[in-house]
Amino acid sequence: MKNVLITGAAGFLGSHLSDRFIAEGYRVIGMDNLITGSMDNIAHLMPRKEFVFHHHDVSNYVHVAGPLDYILHFASPASPIDYLKMPIQTLKVGSLGTHNLLGLAKAKGARMLIASTSEVYGDPLVHPQTEDYWGNVNPVGPRGVYDEAKRFQEAMTMAYHTYHGLETRIVRIFNTYGPRMRINDGRVLPAFISQAIRGEGLTVFGDGSQTRSFCYVDDLVEGIYRLLMSDYAQPVNIGNTDEISIIDFAKEVLELVGNPDAHLDQRPLPKDDPKVRRPDISLARKVLDWEPKISRAEGLKRTLPYFLEAVRKNAG
Ligand code: UDP
């Protein structure tokens, strides 16, 4: 049985990846310090003998007994309000955490995949974003703690690849959604859906003309799995190419949830908010034969029951 270490295993993406690797017949070692993750996301895995959980902060030295085939580094606060609240921890997990895990991968002879982000492109001047675009990032702005940690993470990972010959993979993840997102993590999709369910105002930042492209979690997990199993060491964008403005997305959510009390509520635009974002996925199509299969309409339909339940629990 092959062994995979997944950091951030109690988080949104980490828990879905844990499910996938268990389903593929792996033994999964999940690690999380639970500052933004939740044991609720992996409660169903805890009784399984193929799943082991370590409550640990990977910014400190990481010890894992026995052999490891793969390491997937997904630990990090990932929403703008989270990394504004936890700027130092965000910087540390992307930098020191990555260094610790690269060292572990080297010691174990494991292949390491890191979760990078469309945020490496910052407020992009190239649209859609291709992997060879270097980005437009403000290092000292509010998003700098996340963006620069992830950029350093890519640089460090590439250095271990070229200098130590470590097998590494870099996925640049664009906005992703699905069950197990925290309803109050501040990100637009959980915010709008939970506001609509409660019959509140949907907090549209600025005039809502900024765009995003939302990928359903199962599509993302498939792309990550294929990348890990490929022999491609350069960064690869994984995301959905269906771009929508935030104002149109708010209207779509109002329609989907159908609560007559819900309405639009315009708020100031946060500093350094990227104006556009859409992945160019030509590379993923070519090297991974991957593209998203689940439309936003279908993905939202699959996600809504989770949010209805989460809002109900939160109110109760
Ligand atoms: N946004 C919004 N209302 C909210 C939360 C976010 O209008 O309550 C906007 C935000 O300004 C950004 C987009 O939605 O333009 C996506 O924000 P999110 O925090 O989900 O992630 P980002 O893609 O900016 O990292």
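Atoms within a ligand are numbered from 1 in the order they appear, just like the ligands themselves.
Looking from atom 8 (O) of ligand 1 to the surrounding protein, the closest heavy atom is Thr203 OG1, 2.7 Å. Asp273 OD1, 2.6 Å is the protein heavy atom nearest to atom 15 (O) of ligand 1. The nearest protein atom to atom 9 (C) of ligand 1, hydrogens excluded, is given as Gln210 NE2, 3.9 Å; this is a heavy-atom distance. Counting only heavy atoms of the protein, atom 1 (N) of ligand 1 lies nearest to Phe205 CD1, 3.4 Å. In terms of protein heavy atoms, atom 20 (O) of ligand 1 is closest to Val188 N, 2.8 Å.
The shell of residues lying under 4.0 angstrom from ligand 1, judged by heavy atoms, excludes Gln195. Proximity of Arg267 to ligand 1 is not established, as no heavy-atom distance is less than 4.0 Å. At least one heavy atom of Phe192 sits under 4.0 Å from some atom of ligand 1. Assignment of Gly186 to the shell around ligand 1 is supported, since a heavy atom sits closer than 4.0 Å.
Of all atoms in ligand 1, listed by their number and element, those nearer than 4.0 Å to a heavy atom of Glu119 are 25 (O). Within ligand 1, the atoms closer than 4.0 Å to a non-hydrogen atom of Val204 are 7 (O), numbered from 1 in the order shown. Residue contact check: Arg277 has heavy atoms under 4.0 Å from atoms 22 (P), 23 (O), 25 (O) of ligand 1.
A salt bridge links Arg143 to Glu119: one of the charged nitrogens lies within less than 4.0 Å of a carboxylate oxygen. Between Glu24 and Arg20, at least one side-chain nitrogen of the basic residue sits less than 4.0 Å from a carboxylate oxygen of the acidic one, meeting the salt-bridge criterion. Remark: Arg312 engages Glu309 in a salt bridge, criterion side-chain N to carboxylate O under 4.0 Å.
With hydrogens and angles ignored, the 3.5 Å screen pairs no side-chain donor or acceptor of Arg277 with any backbone N or O of Phe174.
Under the 4.5 Å side-chain heavy-atom criterion for grouping Ile, Leu, Val, Met, Phe, Trp and Tyr, Leu256 is connected to Ile244 within one hydrophobic cluster. Hydrophobic clustering (ILVMFWY, side-chain heavy atoms < 4.5 Å, transitive): Val28 and Met229 are in one cluster.
Side-chain contact between Arg172 and Gln129 is absent, with no heavy-atom pair separated by less than 4.5 Å.
The six-membered or imidazole ring of Phe21 lies away from that of Tyr70, with a centre-to-centre distance of 6.0 Å or more.
When each of Asp218, Asp219, Asn240 is paired with Lys293, the side-chain contact (heavy atoms from CB on, under 4.5 Å) condition holds for Asp219 and for no other. The only member of Leu101, Asp57, Val58, Val52 that meets side-chain contact (heavy atoms from CB on, under 4.5 Å) when paired with Met31 is Val58.
When heavy-atom distances to ligand 1 are checked against a 4.0 Å cut-off, Ile246 comes that close only through its side chain, counted from C-beta outward. Under 4.0 Å from ligand 1, the heavy atoms of Arg143 that appear belong solely to its side chain. Residue contacts with ligand 1, taken as heavy atom pairs separated by less than 4.0 Å, involve Asn175 solely via side-chain atoms from C-beta onward. Contacts between Arg187 and ligand 1 below 4.0 angstrom, taking non-hydrogen atoms only, involve backbone and side chain alike.
An N or O contact shorter than 3.5 Å is missing between Ala191 and ligand 1 by distance.
By the 30° and 60° cut-offs, the orientation of the rings of Tyr83 relative to Tyr146 is parallel.
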